[in-house]
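Notes follow once the structure below has been shown.
Only this structure's heavy atoms are used, side chains among them; waters, hydrogens and symmetry mates stay out.
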Amino acid sequence: MPVSKKICVVTGTRAEYGLLCSLMHEINSCQELELQIVATAMHLSPEFGLTYQQIEADGFVIDEKIEMLVSGDTAVSITKSMGLGLIGLADALDRLQPDLLLLLGDRTEAMVAAQAAMVAKVPIVHLHGGEVTEGAIDESIRHAITKMSSLHFVANEQFRQRVIQLGEQPGRVIVSGAPGIDNIQRLPLLPRDELEKSLDFSLGKTCFLVTYHPVTLAQNPASNSMANLFQALDRFPDAQVVITYPNSDAEGRQLITQINDYAASQPERVMVSASLGQLRYLSALKQVDLVIGNSSSGLIEAPSFGTPTINIGDRQKGRLTASSVISCDESTDSIVAAIDTGLSAEYRALAQSTANPYGDGNAVSTIVRKLQQAVPKSLIRKPFYDID
């Protein structure tokens, strides 16, 4: 019997875990692979819902829990959190001795995990590289992780070419699609009445699902943009509103205060959740009339349901979008106009017929097959690929 390859997955947020969940289940069920899990950052924070409990409720064993979040809402606190995370992840990798480290995306905790693995000579497998989000520091983090990684799984050919442009060997850049879309096919989603019962909240005749994160490269305070968004929502007084918390980026806690105050002012119409969990969030994506905000889920998962997305501001600027996505600026009038368009019968019909550019739900099988074939020691050295 061959020795299993140890695949260590690091996750720090509810959204990231939601994208990884199906892949983690598949790795866990594969005899040739051994799953290791490191939970950190927002997963361990009561403020953000202690979402590590959802990982355990899904049947996974968490091998390491690394506290890293420094209380604060500034660039200094984020940077200090990264320092704590780097120390904790260095120790965790030394204890776990994985063969491969698997990371998704562009969060600061993924960055420090990549740094620790690179120094420890643990080859990194990176998901969702090659994408562009010009309004956030995530853009630089994502490309930096690409340069520290040895094996890349990207959502489409455009992103593959961008990763190769960064000097990565073409044979190590595989188009798999987005693994989060696999969850949509795997999970038995809740029908509308069961979702309402689980939320203890009526979705009404019209319902919006809202997630707005700080735009980390913006010049204007995030609180101003959030206030504009609330003013826009108030132009649709008959619509019910479900709001989920932002990430733990700079200014994120200030937005949470605004969100809670807004919900408290109209509790029958607005509900807030620190984390809906994967099943309820995906079920909500299917049941609501619009997804509003600047979360990547509105661009990656929502098109698979034919649900229109109102993409506000520059946080996702440059990212590939389906025809179901309406982009607008952060002014109240622009948001209102976009919502009006998204609610129109013509646009809803267009959204229902749109193709999702992030894949068709077969990413997990592609990734697991390549992980089974991978020879970790051969991945440590990275010859630079010159496109000329």
Measure from the side-chain N and O atoms of His213 to the backbone N and O of Asn247, and report whether any donor-acceptor pair falls under 3.5 Å. yes

If the plane angle is over 60° it's perpendicular, under 30° parallel, otherwise tilted; pick one for Tyr358 and His128. tilted

A quick test of your reading: do over 12 heavy atoms of other residues, nucleotides or ligands sit less than 6.0 Å from NZ of Lys286? no

Flag the pair Arg95 and Glu64 as a salt bridge only when some basic side-chain nitrogen lies within less than 4.0 angstrom of an acidic carboxylate oxygen. yes

Between Lys6 and Leu96, is there a donor-acceptor pair closer than 3.5 Å when you use the side chain of the first and the backbone of the second? yes

Would you indicate whether the side-chain heavy atoms of Leu255 and Tyr212 approach each other to under 4.5 Å? yes

If we count only N and O atoms by modelled type, under 3.5 Å, do the side chains of Ser304 and Asn356 hold a donor and an acceptor together? yes

Does His126 use its side chain to pair, donor to acceptor, with the backbone of Ser149 at less than 3.5 Å? no

Grouping I, L, V, M, F, W and Y whenever their side-chain heavy atoms are under 4.5 Å apart, do Leu20 and Leu299 come out in a common cluster? no

Is there a donor-acceptor pair under 3.5 Å between the side chain of Gln231 and the backbone N or O of Ser331? no

If you measure only the distance, is there a donor-acceptor pair under 3.5 Å linking the side chains of Gln165 and Gln161? no

Donor-acceptor pair, distance only, cut-off 3.5 Å: does the side chain of Arg348 make one with the backbone of Asp289? yes

Measure up the Tyr17 and Phe60 rings against each other and bin them: parallel (under 30°), tilted (30 to 60°), perpendicular (over 60°). perpendicular

To the nearest 0.5 Å, what is the distance between CZ (Arg107) and CZ (Arg142)? 12.0 Å

Determine whether Leu101 and Leu93 make a side-chain contact, defined as any pair of heavy atoms from C-beta on separated by less than 4.5 Å. yes

Residue list, side-chain hydrogen bond (donor to acceptor under 3.5 Å, both in side chains) with Asp333, at least two apart or on another chain: Arg235

Quick one: do Arg280 and Glu194 make a salt bridge, cutoff under 4.0 Å? no

Take atom NZ of Lys317 as the centre, draw a 6.0 Å sphere, and report whether it contains more than 12 heavy atoms from other residues, nucleotides or ligands. no

Over 12 non-hydrogen atoms of neighbours within 6.0 angstrom of CD in Gln373: yes

Between Arg192 and Leu195, is any pair of side-chain heavy atoms under 4.5 Å apart? no

Charged N to carboxylate O below 4.0 Å: is that the case for Lys382 and Glu168? yes

Inspect the contact between Asp234 and Arg269 and indicate whether a charged nitrogen and a carboxylate oxygen are less than 4.0 angstrom apart. yes

Quick one: which residue pairs count as a salt bridge (charged side-chain N to carboxylate O under 4.0 Å, His left out) with a foot in residues 196-224, not counting sequence neighbours? none

Nearest heavy atoms of Gly298 and Val291, plus distance in Å: CA-CG1, 4.1 Å

Hey, what do you get for CD1 (Ile124) to CG (Leu100), rounding to the nearest 0.5 Å? 10.0 Å

Considering all heavy atoms, the nearest Leu86-Ala116 contact: CD1-N, 3.9 Å

Does some side-chain heavy atom of Phe384 sit less than 4.5 Å from a side-chain heavy atom of Lys147? yes

Is there a side-chain contact between Leu209 and Leu276, using heavy atoms and a 4.5 Å cut-off? yes

Are Val9 and Ile62 connected in the hydrophobic side-chain network, where two residues link if heavy atoms are under 4.5 Å apart? yes

Just verifying a value: how many Å separate Leu19 CG and Leu104 CG, rounded to the nearest 0.5 Å? 5.5 Å

Between Ser4 and Glu34, do the side chains contain an N or O donor and an N or O acceptor separated by less than 3.5 Å? no

Would you call Glu330 and Met226 a side-chain contact if the rule is heavy atoms closer than 4.5 Å? no

Have Tyr281 and Ser297 got a donor and an acceptor in their side chains that come within less than 3.5 Å? yes

When you compare the side chains of Ser275 and Thr51, does any donor N or O come within less than 3.5 Å of an acceptor on the partner? no

Is there a path of hydrophobic side-chain contacts, each under 4.5 Å between heavy atoms of I, L, V, M, F, W or Y residues, that connects Ile339 with Tyr262? yes

Does any donor atom in the side chain of Thr244 or Ser273 lie under 3.5 Å from an acceptor atom in the other side chain? no

What distance separates Leu290 CG from Thr309 OG1, expressed to the nearest 0.5 Å? 8.0 Å

Just by distance, no angles: are the side chains of His43 and Thr11 close enough, under 3.5 Å, to form a donor-acceptor pair? yes

Lys80, NZ: over 12 other non-hydrogen atoms inside 6.0 angstrom: no

Indicate yes or no: at least one non-hydrogen side-chain atom of Thr108 is less than 4.5 angstrom from one of Ile78. yes

Taking Ser223's backbone N and O only, do any of them form a donor-acceptor pair with Gln258's side chain (distance below 3.5 Å, no angle check)? yes

Is any side-chain heavy atom of Leu50 less than 4.5 Å from a side-chain heavy atom of Leu44? no

Kindly say whether Gly318 contributes a backbone atom to a donor-acceptor pair with the side chain of Glu134 at under 3.5 angstrom? no

Donor-acceptor pair between Asn260 and Tyr245 side chains, under 3.5 angstrom: yes

Pair Arg319 + Glu131, salt bridge at N-O below 4.0 Å: yes

